[in-house]
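Along the sequence shown, residues carry numbers from 1.
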Amino acid sequence: MPLLRAERVRVEYGQIAAINDVSLEVESGEIVALLGPNGAGKTTLLDTIGGLRRPSSGTVWFDGRDITRIRGDLVARRGISLVPEGRGIFPALSVEDNLRMGGYWAADDYEPRFARAVEYFPVLETRRRQQAGSLSGGEQQQLAIARALMSQPRLLMLDEMSLGLAPRIVAELFDILRRIHADGTSVLLVEQHVPQALALAQRVYVLQRGRVALSGGSAEVGADARALSAAYLGDGERPGAGSRPQRAHAAPDQERLDVVELESLTVPLSLRDKRALQVLADRSGEPVGALVGRLIAEHVARQRDRAAQREASA
């Protein structure tokens, strides 16, 4: 029996289905990666498993027990901890008070739990009395993970652990996550760094527009670069062996468009702007990456037309 099993889960925001008919399993002692473009429903799925959001249909089991509609604090007591996107620490509180919030029901067991957490993150011991908001970004992420470990979870869920961090810090966090897993904690990981996630996880699910578009062993999914790329770029159908992704045919009077593949495009955004962008993508029914690409193309077209007008009037 899997440690975690979500079966045909659907979550709605008003009239919009954020996730639709999603099923997922995590075995005891396993690391599972949950991948996909922005707006695919990854955060919504973690929030639903963690008891922070109620599904409109479907069931979530943990250790053989139905946890679909119990409160988030009770889900944590059952053995699931969530490290949210953006860390979610209490910046005005000290490092130690943040950790106490993570293990608030530990009572006399607090000190052993604290000692275990700072084994993974020794810097938190030296910053024990320091205000959490004064820590660096990497140290705040360490604090967020340590706080989640204070409840001694059997399943640790992490949402975009590497977001906004330097590559060196990301590599250190992945190494620590391997140690946490080796010590007996199962992991469900949402991660934007696909190669690192594939190297860490045993199995992978790829979400696309609220549905599972691809799943399997990490080596299998990583080897199928065409299908993985299709899931991220918004192609609704998985290409068959030897086939090429289908392109929409332009009308005769429309300009033929070429596809430009960008290996890396980094855009600094505040959390507020990121959420606003995701809302626009949900309304338009397309992945955030596709929306950004369309907006860039429209902007380039406008700039080109203005340049042409200036040349004509010169």
(Q) Quick one, V11 with L45, criterion side chain to side chain contact (heavy atoms under 4.5 Å, CB included). Give me CA distance, side-chain angles, the key distance, then yes/no. (A) CA-CA 8 Å; V11 179; L45 182 56; over 6 Å; no
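- Salt bridge status for R128 with E111: present, with a side-chain N to carboxylate O gap under 4.0 Å.
- F114 has its side chain within reach of E125: a pair of non-hydrogen atoms, C-beta onward, lies under 4.5 Å apart.
- Minimum interatomic distance between E85 and L163 (heavy atoms only, all atoms of both residues): OE2-CD2, 3.6 Å.
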Q.
For a side chain to side chain contact (heavy atoms under 4.5 Å, CB included) check, start with the C-alpha distance between L189 and L200, then their side-chain angles and the critical distance, and finish with the verdict.
A. CA-CA 10 Å; L189 175 72; L200 180 70; 3.8 Å; yes
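- A distance-only check finds no donor-acceptor pair linking the side chain of E298 to the backbone of L295 [under 3.5 Å].
- Taken to the nearest 0.5 Å, the OG atom of S186 stands 5.0 Å off from the CG atom of L3.
- With hydrogens and angles disregarded, a donor-acceptor distance shorter than 3.5 Å links the side chain of E160 to the backbone of Q192.
- Counting heavy atoms from C-beta on, the side chains of L173 and Q141 come closer than 4.5 Å.
- Cluster membership for V187 and L24, using ILVMFWY side-chain heavy atoms within less than 4.5 angstrom, is not shared.
- Contact check for Y110 versus L99: side-chain heavy atoms found under the 4.5 Å cut-off.
- Between R78 and D63, the closest side-chain pair of non-hydrogen atoms is not below 4.5 Å.
- Under the 4.5 Å side-chain contact rule for hydrophobic residues, L93 and L124 do not share a cluster.
- You'll find the side chain of R87 stays beyond 4.5 Å of the side chain of L143, heavy atoms only.
- When every heavy atom of G216 is checked against every heavy atom of V221, the shortest pair comes out as N-CG2, 3.8 Å.
- Although no hydrogens or angles enter the test, the distance criterion places no donor-acceptor pair under 3.5 Å between the side chain of Q142 and the main chain of F121.
- Cluster annotation: F62 and L74 are assigned to the same hydrophobic cluster (Ile/Leu/Val/Met/Phe/Trp/Tyr, side-chain heavy-atom contacts under 4.5 Å, transitive).
- Considering every non-hydrogen atom in both M150 and A117, the closest pair reads SD-CB, 4.1 Å.
- Between D47 and L82, the closest side-chain pair of non-hydrogen atoms falls below 4.5 Å.
- Closest of all the heavy-atom pairs between I67 and I49 is CD1-O, 3.9 Å.
- Both V9 and V26 belong to a single network of hydrophobic side chains, linked directly or stepwise wherever heavy atoms of I, L, V, M, F, W or Y lie under 4.5 Å apart.
- Remark: the backbone N or O of L156 is not paired with any side-chain donor or acceptor of S81 at under 3.5 angstrom.
- For the pair N98 (side chain) and F90 (backbone), a donor-acceptor distance under 3.5 Å is present.
- For the side-chain contact (heavy atoms from CB on, under 4.5 Å) test with L34, the passing option among L158, L207, V204 is L207; the others fail.
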Q: For the pair S162 and E191, evaluate side chain to side chain donor-acceptor pair (under 3.5 Å) and give the outcome as yes or no after the intermediate values.
A: CA-CA 7 Å; S162 65; E191 181 51 53; 2.3 Å; yes
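- Summarising the local packing, CZ of R69 is surrounded by more than 12 heavy atoms from other residues, nucleotides or ligands at distances under 6.0 Å.
- No hydrogens or angles considered: nothing links the side chains of T59 and T68 as a donor-acceptor pair under 3.5 Å.
- Checking side-chain atoms of R147 against main-chain N and O of G88 turns up a donor-acceptor pair under 3.5 Å.
- In this structure, a donor-acceptor pair under 3.5 Å is present between the side chains of R306 and Q303.
- Considering only heavy atoms from C-beta on, V212 comes within 4.5 Å of S215 through its side chain.
- Considering CD1 of I31 and CG of L188, their distance stands at 10.5 Å, rounded to 0.5 Å.
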Q.
What verdict does the salt bridge (Lys or Arg N to Asp or Glu O under 4.0 Å) test give for R10 and D21, after you've listed the backbone C-alpha separation in whole Å, the side-chain angles of each residue and the deciding distance to 0.1 Å?
A. CA-CA 5 Å; R10 177 183 176 91; D21 201 34; over 6 Å; no
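- A single hydrophobic cluster is seen to contain both M161 and I89, as judged by linkage of ILVMFWY side chains at heavy-atom distances under 4.5 Å, directly or through other members.
- Looking at D305 and R302, no side-chain N of the basic residue comes within less than 4.0 Å of a carboxylate O on the acidic one, giving no salt bridge.
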Q: Show your working on salt bridge (Lys or Arg N to Asp or Glu O under 4.0 Å) between E7 and R5 and close with a plain yes or no.
A: CA-CA 6 Å; E7 185 172 298; R5 179 159 64 98; 2.6 Å; yes
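- Considering only heavy atoms from C-beta on, I145 comes within 4.5 Å of I180 through its side chain.
- The two residues G222 and L198 have their closest heavy-atom pair at CA-CD1, 3.8 Å.
- Screening T48, N38, L52, D159 against T43 for a side-chain contact (heavy atoms from CB on, under 4.5 Å) leaves a single residue, D159.
- Under the 3.5 Å distance criterion, the side-chain polar atoms of K42 are matched with a main-chain donor or acceptor of G36.
- The CD1 atom of I169 sits 13.5 Å away from atom CZ of F174, with the distance rounded to the nearest 0.5 Å.
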Q. Yes or no on side chain to side chain contact (heavy atoms under 4.5 Å, CB included) for R127 and L135, after CA distance, side-chain angles and deciding distance?
A. CA-CA 9 Å; R127 308 291 178 84; L135 300 176; 3.8 Å; yes
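- In terms of modelled atom types and a separation under 3.5 Å, the side chain of R203 and the main chain of E25 share a donor-acceptor contact.
- Ion pairing of R71 with D73 is present here, as a side-chain N (NZ or NE/NH1/NH2) and a carboxylate O approach within less than 4.0 Å.
- Using modelled atom types, one side-chain atom of S23 and one backbone atom of R8 make a donor-acceptor pair closer than 3.5 Å.
- Residue H193 holds its NE2 atom at 8.5 Å from CG of L165, rounded to the nearest 0.5 Å.
- Side chain of T185 to main chain of H181: no donor-acceptor pair is present (N/O by atom type, distance under 3.5 Å, no hydrogens or angles).
- Remark: L46 CG to M157 CE distance equals 5.0 Å, nearest 0.5 Å.
- One distance of note links OH of Y205 with CG of L214; it measures 11.5 Å at 0.5 Å rounding.
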